[in-house]
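Comments concern the structure below.
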Amino acid sequence: MADLNHFLDLSDAGGDAIAAMIADALDRKAARKVWPKGKVDADKPLDGRVLAMIFEKSSTRTRVSFDIAIRQLGGSSLILDTATSQLGRGETIADTARVLSRMCDAIMIRTDDHAKIEEMAKFATVPVINGLTDRSHPCQIVADLLTLAEHGKPLPGLELAWFGDGNNVLHSVLEAAGLFKFNLRIATPAGYEPEDEFVQMARAGGAVVELTQDAQAAASGADVLVTDTWISMGQDDAAEKRAAMMPYQVNADLMRAAKNDAIFLHCLPAHVGDEVSEDVFESAASVVFDEAENRIHAQKSVLLWAFGQLAAG
Ligand code: CP
Ligand code: NVA
């Protein structure tokens with residue numbers, strides 16, 4: 001089990017392997033630029049491999065990008081959800097992990113409690129990939145790092161500003177900041193900060209992380225502005241939380257405070273009018289659909305790493 005390349009969080013791969021993922025994703029994306037999306041990459045690196053995808057929460061991008069990613073690498077996928085699998089009737093994660101390991105070559109799971117994915121990794125004898133938990137969303141951040149590379153935003157010295165909820169996506173941004181030493185300003189209302197463990201991890205890695213309740217200060221001079229939904233899947237849609245979040249909407253005022261060539265990222269789905277104003281979402285600075293497409297290219301690299309077919313560094 002210790003030899004398996006589980007990808008539960010970015011640190012499971014580490015900075016060198018993630019850098020290799022980004023490089024490979026750029027190469028593979030360029031090589032198939034004008035190809036139909038279902039055509040298999042020339043080298044078919046995952047020929048015959050089957051990816052099981054388990055969704056205990058909704059998904060559009062993660063579901064489609066992993067499906068297309070494994071197809072482009074020469075493999076195939078299948079989907080299980082809680083409603084129609086025995087997971088919904090109480091079959092344990094441990095047994096599900098052992099059964100799927102006999103039938104499939106890797107498992108991607110989107111679930112709520114991070115402990116479930118740790119349990120899956122403990123019992124699986126094939127690689128397990130985190131497709132989002134309440135704690136983190138590492139695959140999204142590989143796509144985000146790829147998007148930054150494509151848009152000419154080198155990570156050392158980068159000033160990235162996060163606005164709104166201190167959530168699962170931010171936790172993975174913090175992990176990336178520690179691995180790649182970019183600077184992160186986090187503007188949240190009081191009580192909605194990220195978990196301190198992730199802040200400490202980023203700082204221990206050498207990132208400069210500032211927590212503030214002042215959105216304008218966080219935006220000032222930033223290279224990249226990032227936000228996400230105020231209400232993550234599984235959370236109560238509380239009026240009190242929405243009211244607290246409103247000053248953290250990424251809007252034209254915040255964009256004006258940033259650098260002239262600043263870009264806007266959002267993992268999507270977006271709630272335009274809440275965490276981002278329509279003018280910013282639809283502006284030239286918004287690269288959210290590049291970011292969404294990059295889920296495919298990033299997921300291919302994650303899969304290749306999980307299958308031991310991507311050398312680090
Ligand atoms: N960004 C993201 O993970 O999107 P989905 O919820 O649609 O998978
Ligand atoms: N923070 C969001 C991300 C969705 C991709 C959620 O967990 O719902």
Side-chain angles (χ1 to χ4, degrees), residues 7-10 25 51-70 77 79-82 107-117 129-148 162-176 184 186-189 191-195 198 224-238 241-242 244-245 248-250 264-272 274-276 281 286-303:
F7 191 66
L8 306 195
D9 277 307
L10 295 171
L51 172 70
M53 301 197 281
I54 304 173
F55 286 97
E56 297 203 294
K57 289 181 171 182
S58 304
S59 171
T60 298
R61 279 144 291 269
T62 304
R63 175 177 172 153
V64 176
S65 63
F66 266 105
D67 190 5
I68 300 300
I70 188 93
S77 73
I79 292 181
L80 294 90
D81 60 34
T82 316
I107 301 168
M108 191 284 294
I109 174 167
R110 168 169 287 196
T111 188
D112 41 23
D113 187 353
H114 198 79
K116 287 191 191 173
I117 200 167
I129 297 170
N130 178 357
L132 180 145
T133 65
D134 290 346
R135 174 184 152 95
S136 58
H137 196 4
C139 291
Q140 178 66 51
I141 302 315
V142 181
D144 290 6
L145 296 176
L146 173 58
T147 308
L148 293 176
W162 174 279
F163 302 89
D165 196 22
N167 66 11
N168 47 2
V169 175
L170 176 57
H171 289 159
S172 293
V173 174
L174 276 159
E175 220 182 343
L184 187 50
I186 299 169
T188 68
Y192 294 101
E193 295 86 359
E195 285 176 23
F198 285 94
V224 185
L225 287 80
V226 194
T227 190
D228 184 16
T229 182
W230 292 337
I231 316 290
S232 285
M233 291 180 276
Q235 294 181 343
D236 288 340
D237 190 349
K241 184 173 185 184
R242 285 181 176 280
M245 291 289 162
Y248 300 86
Q249 181 192 70
V250 179
F264 171 70
L265 293 181
H266 189 313
C267 65
L268 307 181
H271 306 81
V272 173
D274 285 353
E275 71 268 12
V276 57
F281 188 78
S286 171
V287 297
V288 298
F289 296 106
D290 292 344
E291 187 183 0
E293 179 194 330
N294 280 337
R295 291 296 302 277
I296 294 179
H297 309 292
Q299 265 54 130
K300 288 169 76 174
S301 293
V302 170
L303 285 164

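Position 1 is the first residue of the sequence; numbering continues from there. Both ligands and their constituent atoms are indexed starting at 1 by order of listing. The structure presented is a predicted model; accordingly, all values stated were derived computationally and were not measured.
- Inter-residue side-chain proximity for His114 and His171 is flagged as unmet; no heavy-atom pair is nearer than 4.5 Å.
- For Arg63, the CZ atom is loosely surrounded, since the number of other residues' heavy atoms within 6.0 Å does not exceed 12.
- Across every non-hydrogen atom of Gln299 and Ser65, the tightest pair is OE1-OG, 3.6 Å.
- If you check the side chains of Asp165 and Ser232, you find no donor sitting under 3.5 Å from an acceptor.
- Between Leu10 and Val142, the closest side-chain pair of non-hydrogen atoms falls below 4.5 Å.
- Residue contacts with ligand 2, taken as heavy atom pairs separated by less than 4.0 Å, involve Leu132 solely via side-chain atoms from C-beta onward.
- The protein heavy-atom contact nearest to atom 3 (C) of ligand 2 is Asp228 OD2, 3.6 Å.
- The shortest N or O to N or O distance between Arg63 and ligand 1 is not below 3.5 Å.
- In terms of heavy atoms, Asn168 sits closest to Asp134 at CB-O, 3.4 Å.
- Looking from atom 4 (O) of ligand 1 to the surrounding protein, the closest heavy atom is Arg61 NE, 2.9 Å.
- Contact annotation: the side chain of Cys139 approaches that of Phe66 to within less than 4.5 Å [non-hydrogen atoms, C-beta and beyond].
- At a heavy-atom cutoff of 4.0 Å, ligand 2 is contacted by the side chain of Asn168 but not by its backbone.
- Ligand 1 is never approached by Lys57 to a heavy-atom distance shorter than 4.0 Å.
- Atoms of ligand 1 found under 4.0 Å from any heavy atom of Thr60, numbered from 1 in the order shown, are 5 (P), 7 (O), 8 (O).
- Close N/O approach between Cys267 and ligand 1 is found [any backbone or side-chain N/O within under 3.5 Å].
- A side-chain contact (heavy atoms from CB on, under 4.5 Å) with Thr62 is found for exactly one of Lys57, His137, Gln140, namely His137.
- For atom 6 (O) of ligand 1, the nearest non-hydrogen atom of the protein is Arg110 NH1, 2.8 Å.
- To the nearest 0.5 angstrom, Ile107 atom CD1 is 13.0 Å from Asn130 atom CG.
- Within the 4.0 Å heavy-atom criterion, the part of Thr229 lying near ligand 2 is the side chain and not the backbone.
- No heavy atom of Asp134 sits closer than 4.0 Å to any atom of ligand 2.
- Listed by number with element, the atoms of ligand 1 under 4.0 angstrom from any heavy atom of His137 are 2 (C), 3 (O).
- Taking any N or O of Leu268, backbone or side chain, at least one lies under 3.5 Å from an N or O belonging to ligand 1.
- The shortest N or O to N or O distance between Met233 and ligand 2 is under 3.5 Å.
- Any N or O atom pair closer than 3.5 Å counts here, and Lys57 shares no such pair with ligand 2.
- Comment: Arg135 engages Asp9 in a salt bridge, judged by a side-chain N to carboxylate O separation of less than 4.0 angstrom.
- Within the 4.5 Å cutoff, the side chain of Ile54 has no heavy atoms near those of the Thr82 side chain.
- Scanning all protein heavy atoms for the shortest distance to atom 2 (C) of ligand 1 gives Arg295 NH1, 3.3 Å.
- Of all the atoms in ligand 2, the ones that sit under 4.0 Å from a non-hydrogen atom of Leu268 are 5 (C).
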